[in-house]
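Right, one structure below, let's go through it.
Whatever order the structure lists ligands and atoms in, that order sets their numbers, starting from 1.
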Amino acid sequence: MAQIWNDDDGERWAADADRRDRVLTSVGETLLTAAGLRPGEQVLDVGCGCGATTLLAAAQVAPGGAVIGIDVSAPMLRVACARQESGGPANARFVHADAQTHPLPGPFDVAISRFGTMFFTDPVRAFTTIGGGLRPGGRLVLATWQPPGVNPWLTLPGEAIGRHATAPVDLRDRSMFTQSDPVVVEPLLTRAGFRDVRLEGVRVPLHVGSDVADAAGYLAATGPVRAQLAAVPETGRNAALADLRAALAGHAEADGVCLEAAIWIVTASR
Ligand SMILES: C[S@@+](CC[C@H](N)C(=O)[O-])C[C@H]1O[C@@H](n2cnc3c(N)ncnc32)[C@H](O)[C@@H]1O
């Protein structure tokens, strides 16, 4: 996983950071609302990537508070540091390390993560390490995906592109969905020492593009839709993309194209 986030996926996210953060704005806002950060709090942002939520959280805990963002991806952390240097809050710091095993000097009041906890190879160990940095009673607040089948931003491209594929693509096995089932998440966090585990299903709009062509281009470049396109023979790709654009046209408004996403806001206490 560390290698993936330092090579292909990490470089892709880093190159497209501003765009992706615009798409995921609603998720970040929902996460931070649930976290209810207060000035003076110490926060850990797990799998912080290019630092968008770290820097937003840092502004919310000032004055007196601070945020550490931890991530394994060097290219994404380079973007995070550059963002901070170009006018971001000074009370954020970024650490290049594996959150599964790297103990951070807490105690933190809150650990947050926007889609940064689904890629652990040993999730119990990882959440035990994260919990170890929280003060007693400290909060864990995560955004994770609900399953692909209830996520219109994936089912819409899946239906349009799937007609042209040689075989159906099952997205459920992708690592981004490893924490999409409450039956998995609740016992996982309990084993890692957390209490009062709750998953609240939330539906948020993803602004995937400024118009239909822009939205189709963005979606075609994201991991899950790329995987669906890869199942289409070369000769059918143009027709698949035309069907994707036609499906997106039904969601085009004056300010662009929005598709709905289904996420969990997972909360627990130490
Ligand atoms: C889907 S991205 C989300 C990034 C960021 N939270 C955001 O919302 O833009 C997942 C992030 O988790 C990081 N990650 C994966 N495994 C990790 C680990 N074991 N320790 C720290 N970060 C990890 C990746 O490098 C990547 O930045």
Using the rule given for side chain to side chain donor-acceptor pair (under 3.5 Å), can you reason through Q100 versus T129, listing the C-alpha separation, both sets of side-chain angles and the distance that settles it, and then say yes or no?
CA-CA 6 Å; Q100 299 181 103; T129 305; over 6 Å; no
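- Here C48 has backbone heavy atoms under 4.0 Å from ligand 1, and that is the only part of it that gets that close.
- Enclosure of atom CG in N238 is not indicated, since only 12 or fewer non-hydrogen atoms of other residues, nucleotides or ligands lie within 6.0 angstrom.
- From the protein, the heavy atom lying nearest to atom 19 (N) of ligand 1 is D98 OD1, 2.8 Å.
- For M76, every heavy-atom contact with ligand 1 shorter than 4.0 Å involves the side chain, none the backbone.
- Other residues, nucleotides and ligands contribute over 12 non-hydrogen atoms within 6.0 Å of the CZ atom of R135.
- Of the candidates T101, V27, V72, D122, it is V72 that places a heavy atom closest to atom 23 (C) of ligand 1.
- Remark: among candidates Q100, R114, H96, H102, the nearest residue to atom 7 (C) of ligand 1 is R114, based on non-hydrogen atoms.
- Within a 6.0 Å sphere centred on CZ of R203, heavy atoms belonging to other residues, nucleotides or ligands number more than 12.
- Contacts of C50 with ligand 1, taken as heavy-atom pairs under 4.0 Å, are absent altogether.
- Comparing heavy-atom distances from atom 4 (C) of ligand 1 across G47, P123, G28, G116 singles out G47 as nearest.
- Cluster membership check: F108 does not share its hydrophobic cluster with I112, using side-chain heavy-atom separations under 4.5 Å among Ile, Leu, Val, Met, Phe, Trp and Tyr.
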